[in-house]
Amino acid sequence: MDTTTSSQGAAIRPFKYRATDAELADLRMRIGATKFPNRETVSDATQGVQLATAQAIAAYWGSDYDWCKVEARLGDLPQFVTEIDGLDIHFIHVRSSHANALPVIVTHGWPGSIIEQMKIIDPLTNPTAHGGSASDAFDVVIPSIPGYGFGAKPATAGWDTPRIARAWGVLMKRLGYSKYVAQGGDWGAVITEQMAVQAPPELLAIHTNMPGVIPNDIHAAAFAGAPAQAGFTAEEKACYDELLFVFSKGIGYAFQMGLRPQSLYGIADSPIGLATYLLDHDARSYTLIAGAFAGKPSGISRDDFLDNVTLTWLTNTGVSSGRLYWENKLGFFNAKGIDIPVAVTVFPDELYPAPKSWSQQAFPKLIHYNRVAKGGHFAAWEQPAIFSEEVRNSFKSLRS
């Protein structure tokens with residue numbers, strides 16, 4: 001895309017990034033100078049990231065990892081920035097070569113970045129090379145959440161999920177799209193659902209792999225640690241049990257960043273401090289990624305993980321990304337009141353398995369619900385083929 005000026009007068013400017021040799025040398029020096037704590041006093045990860053895993057990350061990151069590989073792949077993607085509501089918004093924008101491609105805006109979460117979605121770009125824009133048909137094609141827009149990666153860091157408070165959702169609507173209009181769909185997981189799910197709550201006329205439908213479907217009273221009960229109510233179906237009980245764990249032990253980082261994100265100076269100063277903090281997101285993802293550093297095959301490789309961490313380090317967005325939790329005034333997983341069409345995919349290793357009954361209640365225009373065989377919280381990253389197929393199937397009914 002050439003540099004253009006929209007009707008609102010805001011330029012869309014090409015974006016490129018290259019880390020300097022000095023920045024990469026400083027990173028390696030800091031990894032080598034890591035001061036490790038003593039070993040955990042248990043044989044599992046219940047106290048957090050295990051010392052052996054942290055040391056394995058340091059050994060690989062400080063010697064064999066090559067940032068330039070992912071930097072080259074990023075450089076091959078069309079990237080841009082445009083100012084919206086006083087802030088530079090960074091985004092990838094890949095148009096399909098197929099006619100009548102459906103535009104989709106895909107939003108990452110924490111502790112992720114646009115790195116999470118890189119594997120799904122070609123399957124969505126070039127479906128004929130990945131088992132789909134030309135009629136399945138998408139134009140793909142992947143923005144960086146403000147304060148994450150290449151996204152500009154807000155200098156003032158107020159960039160919460162509803163504001164980001166409004167900015168995404170402006171972005172899609174600025175790109176010339178009169179009709180589009182949206183997709184998200186983690187914070188991306190919350191932002192995408194806020195787009196659906198706002199329901200701009202251009203937004204046809206959304207797809208989420210972390211659906212906010214928990215009835216508000218049940219969400220409050222789980223947050224308080226109350227036992228499951230009588231009358232739950234087996235699916236609902238399984239979901240509730242997972243929520244009890246999530247709220248009691250599973251998302252300590254969310255409470256910490258929700259209260260004091262600015263106190264996390266350690267993750268801005270220590271690469272291994274940053275890597276281990278980002279790794280400790282949820283138990284199943286931890287097992288997956290830690291396994292990769294222990295020589296076990298994984299849907300998320302050592303390089304995948306370190307691509308994301310290194311981007312966060314080089315852009316110094318460890319703390320600024322955490323401020324989104326401080327800004328948040330919404331529940332994480334509860335129903336928000338959405339009246340436009342919604343598609344849901346349940347990955348078995350997500351934080352909680354959203355029941356179909358609660359999905360139908362939360363989304364009266366549920367157009368797709370499917371429980372897939374494998375995949376977890378970082379679904380696009382871990383299982384890009386399954387994820388891409390789900391996105392295609394979710395929006396088939398909307399294509400003319």
Side-chain angles (χ1 to χ4, degrees), residues 1-4 11-28 31 60-84 87-98 101 103-109 111-127 129-130 137-153 171 174-175 188 271 274-275 278 300-318 320-321 378 380-382 384 387-388:
M1 182 189 295
D2 295 328
T3 301
T4 61
I12 297 175
R13 304 162 346 245
F15 176 90
K16 292 285 185 181
Y17 175 83
R18 184 183 182 280
T20 67
D21 291 342
E23 287 173 319
L24 296 175
D26 176 71
L27 170 59
R28 286 190 291 270
I31 294 169
Y60 181 71
W61 197 10
S63 59
D64 297 330
Y65 172 75
D66 186 0
W67 162 258
C68 295
K69 290 181 180 179
V70 71
E71 187 177 80
R73 295 199 305 274
L74 283 165
D76 290 337
L77 294 170
Q79 298 178 68
F80 307 91
V81 291
T82 188
E83 183 180 321
I84 298 175
L87 194 70
D88 269 353
I89 301 298
H90 165 268
F91 60 99
I92 296 169
H93 185 200
V94 182
R95 294 184 184 271
S96 175
S97 62
H98 296 294
V104 60
I105 181 167
V106 184
T107 309
H108 64 83
S113 66
I114 56 169
I115 296 290
E116 283 185 58
Q117 279 80 31
M118 288 176 66
K119 295 179 185 178
I120 65 170
I121 294 173
D122 199 63
L124 294 180
T125 60
N126 186 23
H130 299 271
F138 292 87
D139 285 351
V140 175
V141 178
I142 305 173
S144 295
I145 296 174
Y148 287 66
F150 298 133
K153 303 178 184 74
L171 174 61
R174 192 168 292 177
L175 294 174
L274 176 67
L278 302 192
I300 300 176
S301 70
R302 294 184 300 179
D303 280 5
D304 287 335
F305 174 70
L306 288 175
D307 289 344
N308 180 62
V309 178
T310 306
L311 173 61
T312 305
W313 174 262
L314 292 170
T315 56
N316 192 22
T317 49
S320 60
S321 61
F378 302 102
W381 211 10
E382 180 195 345
F387 182 93
S388 300

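Here the structure is a predicted model, which is why all the values come from computation and not from measurement.
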Trace of the side chain to side chain contact (heavy atoms under 4.5 Å, CB included) decision for Arg174 with Ile84: CA-CA 10 Å; Arg174 192 168 292 177; Ile84 298 175; 3.5 Å; yes

Is the closest side-chain heavy-atom distance between [X] and [Y] below 4.5 Å?
| X | Y | value |
| --- | --- | --- |
| Val141 | Pro103 | no |
| Phe80 | Leu171 | no |
| Ile115 | Leu74 | yes |
| Leu175 | Thr82 | no |
| His90 | Ile114 | yes |

In terms of ring plane angle, is the pair [X] and [Y] parallel, tilted or perpendicular, where the classes change at 30° and 60°?
| X | Y | value |
| --- | --- | --- |
| Tyr148 | His108 | tilted |
| Trp67 | Tyr17 | perpendicular |
| Phe378 | Trp381 | perpendicular |

Residues Val70, Tyr65; criterion side chain to side chain contact (heavy atoms under 4.5 Å, CB included); working and verdict: CA-CA 10 Å; Val70 71; Tyr65 172 75; 4.0 Å; yes

Is there a donor-acceptor pair under 3.5 Å between the side chain of [X] and the backbone N or O of [Y]?
| X | Y | value |
| --- | --- | --- |
| Glu71 | Ala19 | yes |
| Ser320 | Gly147 | yes |
| Thr317 | Gly149 | yes |

Under the side chain to side chain contact (heavy atoms under 4.5 Å, CB included) test, residues paired with Ser96 that sit two or more places apart: His98, Ala101, Thr125, Ala137, Asp139

Report the distance from atom [atom1] of [X] to atom [atom2] of [Y], rounding to the nearest 0.5 Å.
| X | Y | atom1 | atom2 | answer |
| --- | --- | --- | --- | --- |
| Asn308 | Met118 | CG | CE | 11.0 Å |
| Leu77 | Ile121 | CG | CD1 | 4.5 Å |
| Glu23 | Trp313 | CD | CH2 | 11.0 Å |
| Leu278 | Ser113 | CG | OG | 9.5 Å |
| Asp21 | Asp26 | CG | CG | 12.5 Å |
| Phe91 | Thr107 | CZ | OG1 | 13.0 Å |

Of all heavy-atom pairs between [X] and [Y], which one has the smallest distance, and what is that distance?
| X | Y | answer |
| --- | --- | --- |
| Pro146 | Ile89 | CG-CD1, 4.1 Å |
| Leu87 | Ala152 | CD1-CB, 3.8 Å |
| Ile145 | Gly109 | CD1-CA, 4.4 Å |
| Asp122 | His130 | OD2-NE2, 2.6 Å |

Inter- and intrachain pairs under salt bridge (Lys or Arg N to Asp or Glu O under 4.0 Å), touching residues 300-313, at least two apart: Arg73-Asp307, Lys119-Asp304

Partner residues of Trp61 under the side-chain hydrogen bond (donor to acceptor under 3.5 Å, both in side chains) criterion, sequence neighbours left out: Thr310

